[in-house]
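Protein chains get the first letters and strands the later ones, always in sequence-line order, with residue 1 at the start of each.
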Amino acid sequence: MNSTSTLRHPRVRFAPSPTGFLHVGSARTFIFNWLYARHNGGTMILRLDDTDVERNTDASVQSIFEGLKWLNLGWDEEYKQSERGALHRQMAEAILQKGLAYRDFTPAHTGDSEKSGAQGTWLFNPGMRELSREESDRRAAAGEPFALRFRVPRGAGQAVRFNDGVYGEQAKQADDIEDFALLRSDGNPTYHLASCADDADLAISHIIRGQDHLNNTFKHVLIFEAAGFKPPQFAHLPLLVAPDGTKLSKRRHGPVVSVTTYRDAGFLPQAFINFLCLLGWSPKNDREQMSRDELVQVFSLEGINRANAVVNFKDVGTTTAATPDDIFDPKALWLNAETIRTLPIDDLCSRLLPIVRGAGFTMTPAKMLQITPLVRERIRLLREVLTVADFFFVDQLAPYDPAELVPQKGDAAMARRALERAKEVLSTTEFKHDPLDHSLRAAAQELGIKAGQMFQPIRVAVCGRKNAPPLFETLEVLGKETTLARIDQALPKLA
RNA sequence: GGCGCUAUCGUCUAGGGGUUAGGACGUGAGAUUCUCAAUCUUAAAACACGGGUUCGAUUCCCGUUAGCGCUACCA
């Protein structure tokens, strides 16, 4: 692929390593890559960077696919890094042959042995860099284990440079870069090597990834050049952090950082995508709610910020029972609520139905279709249908405080009279909005009480609580039989 | 410690040498309504600090501070 066609048809990739569930930060990286590809008529590639055999898990692979599937954005090509080992070793060999890498026979560090020391930066293991080719070959042939390290140019005051699509011109003295490993002593490639080898082989034109890789990029530029490739275009994304400014982590911050948490709570993928796009990127025209197509249309690297973005959830301890208001960013909730309101009733209905049934209720599509308009403006998350519309689903209302039946500026006697009268009136009224409206208002007038004082006892009697959807619509869906039965059950509570 | 990145309302952000520093979420108040929600109106709320450059700096430069990242034979 020549540079002209690359310019017109960029090839981007999302390369997660399957060492955990799909993180919201990773999801955003995927989305930005996808948006860039679609905006520019390019190719989106999914590559599983599974070179860390120790930490990879199938569950993680599952979680990543599950999450991406839910996002419903798709990709054009798919690869698995572990199946491309030959390619990686080939590039390592090529770099070694050019003398740009060397074998390091020093045993691997045991871990935190070096942690406590406040010594300067480690750059390379003394003696290994200068090992003669003959001795290096001899020891390797003898079976002595070694790591292959990149021979970073030293002492020449040389700088490594690249132009980042977000952070601009970047330069770093080669003398500040350590001789990083290309191959581990078990022969497996490191992330740096495998990533660059694959990016080169797959002709990736733009690498869009988290800013935590900004420093690594100098190493990658070195690898690309050593292997004879022109480095791709880089663009680094600001990180997503917790309210306390620290990196989002499952251990510290709980399920908020997992994409499936959003899915399971009842986010719409579109709203979730919209929310993530607004963290660290802006269309710069005050637009916030955007459809997928609009996002594709306006997305550009120029709109990406350089400062980290806070995902604004409440940092509740693991002991507290977390509510949606605790664990989700208010903006995410608002965006989801807005998106729900834009959904056609039948669409929303078909998303709600499985949730209601999944909670163990029997529900017909026809009845759900009647309920849907009553909850549409009252839920921020699809799952909230279960708490907002519970009284439509249950046979028996959960116990409620009889005091709720008593209207504003009224007493139990007033509630009784209202309910008694309602019973009579409703038994002869057609259960449609307008007739219900007329007869109940008339009844209130007869009793000499305000409409609100008439409605509240009825609402509580049929819904089991004060806050509910509008009364007439509710009664209409509930039907005469259920309504009268619930009023009958309420009356004794006022005795 | 070394290297790098960053800094506008509580949060996400727009802006940019001269502005009433704009929008959104959230929060407060009010309107509307049969409650809730939705909707509408409205209020409070920001340029981290110190030096330059300049007629003028929130904007440009330097420094300080703070935060973050990298500093593994993790990715």
Sort me out a list of protein N/O and nucleotides 4-10 of chain B N/O pairs below 3.5 Å, or just none if empty.
| from | atom 1 | to | atom 2 | distance (Å) |
| --- | --- | --- | --- | --- |
| B/rC5 | O2' | A/Q211 | NE2 | 3.0 |

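As rounded to whole Å, 12 Å separates atom P of B/rC12 from atom CZ of A/R28. Straight-line distance from the CG atom of A/D286 to the C1' atom of B/rC25: 13 Å, rounded to whole Å. With rounding to whole Å, A/F313 atom CZ is found 15 Å from B/rC12 atom C1'. At whole-Å resolution of the value, CG in A/L182 and P in B/rA75 are 12 Å apart. Rounding to whole angstrom units, CE of residue A/M128 and C1' of B/rC73 are separated by 14 Å. We find that NE2 of A/H192 is positioned 11 Å from P of B/rC70, with the value rounded to whole Å.
Across all strands shown, B/rA72 forms no Watson-Crick or G-U wobble pair with both distances under 3.5 Å. Searching all strands for a Watson-Crick or G-U wobble partner of B/rC34 with both distances below 3.5 Å returns nothing. Within the shown strands, nothing qualifies as a pairing partner of B/rU58 under the Watson-Crick or G-U definition with both distances less than 3.5 Å. Remark: B/rU11 base-pairs with B/rA24. Criterion, Watson-Crick or G-U wobble with two distances under 3.5 Å. A 3.5 Å limit on both hydrogen-bonding distances identifies B/rG63 as the Watson-Crick or G-U partner of B/rC49.
Checked against the 6.0 Å centroid threshold, A/F472 and A/F455 count as a close aromatic pair. A/H220 and A/Y191 have their aromatic ring centers within a separation under 6.0 angstrom.
Heavy-atom nearest nucleotides on RNA chain B were determined for A/Y191 and for A/G280, and the one closer to the 5' end corresponds to A/G280. For the pair A/A332 and A/R55, both in contact range of RNA chain B, the more 5′-proximal nearest nucleotide belongs to A/A332.
Nearest to the side chain of A/K331, among B/rC73, B/rG22, B/rC25, sits B/rC25.
Applying the 4.0 Å criterion to OP1 and OP2 of B/rC12, one finds that A/S282 has every side-chain N and O outside that range. Using a 4.0 Å cut-off, no side-chain N or O of A/K247 falls inside it from OP1 or OP2 of B/rC68.
Residue-level contact check: A/T19 touches neither bases nor backbone, having no heavy atom under 4.0 Å from any strand. Nucleic acid contact class of A/T106 (heavy atoms, under 4.0 Å, all strands): base. In this structure, A/P16 reaches neither bases nor backbone, as no heavy-atom distance under 4.0 Å exists between it and the strands shown.
Using a 4.5 Å heavy-atom threshold, the side chains of A/I273 and A/F30 count as separate. Looking at heavy atoms from C-beta onward, A/F234 lies out of side-chain contact with A/H206 at the 4.5 angstrom threshold.
Pairs of residues two or more places apart, or lying in two chains, that qualify as salt bridge (charged side-chain N to carboxylate O under 4.0 Å, His left out) and include a residue from residues 372-393 of chain A are A/D325-A/R380, A/R380-A/E384, A/D390-A/R465. Annotation: side-chain hydrogen bond (donor to acceptor under 3.5 Å, both in side chains) contacts involving residues 16-32 of chain A, sequence neighbours excluded, are absent.
In this structure, the side chain to side chain contact (heavy atoms under 4.5 Å, CB included) partners of A/E420, at least two apart in sequence or on a different chain, are A/R416, A/L491. For A/E93, the salt bridge (Lys or Arg N to Asp or Glu O under 4.0 Å) criterion is met by no residue, not counting sequence neighbours.
If you check the side chains of A/D326 and A/T323, you find a donor sitting under 3.5 Å from an acceptor. For A/N312 and A/D329, the side-chain atoms include no donor-acceptor pair closer than 3.5 Å.
For B/rA43 and B/rC9, the C1' atoms lie 14 Å apart once the distance is rounded to whole Å. Taking atom P on both nucleotides, B/rA44 is separated from B/rU39 by 23 Å, rounded to a whole Å.
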Classify every nucleotide of nucleotides 30-45 of chain B by which part a protein heavy atom approaches to under 4.0 Å, writing B for the base, S for the sugar-phosphate alone and - for neither, in 5'-to-3' order. ----BBBBSS------
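Each of A/R154, A/R103, A/R149, A/R151 was scored for a salt bridge (charged side-chain N to carboxylate O under 4.0 Å, His left out) with A/D179, with one residue passing: A/R154.
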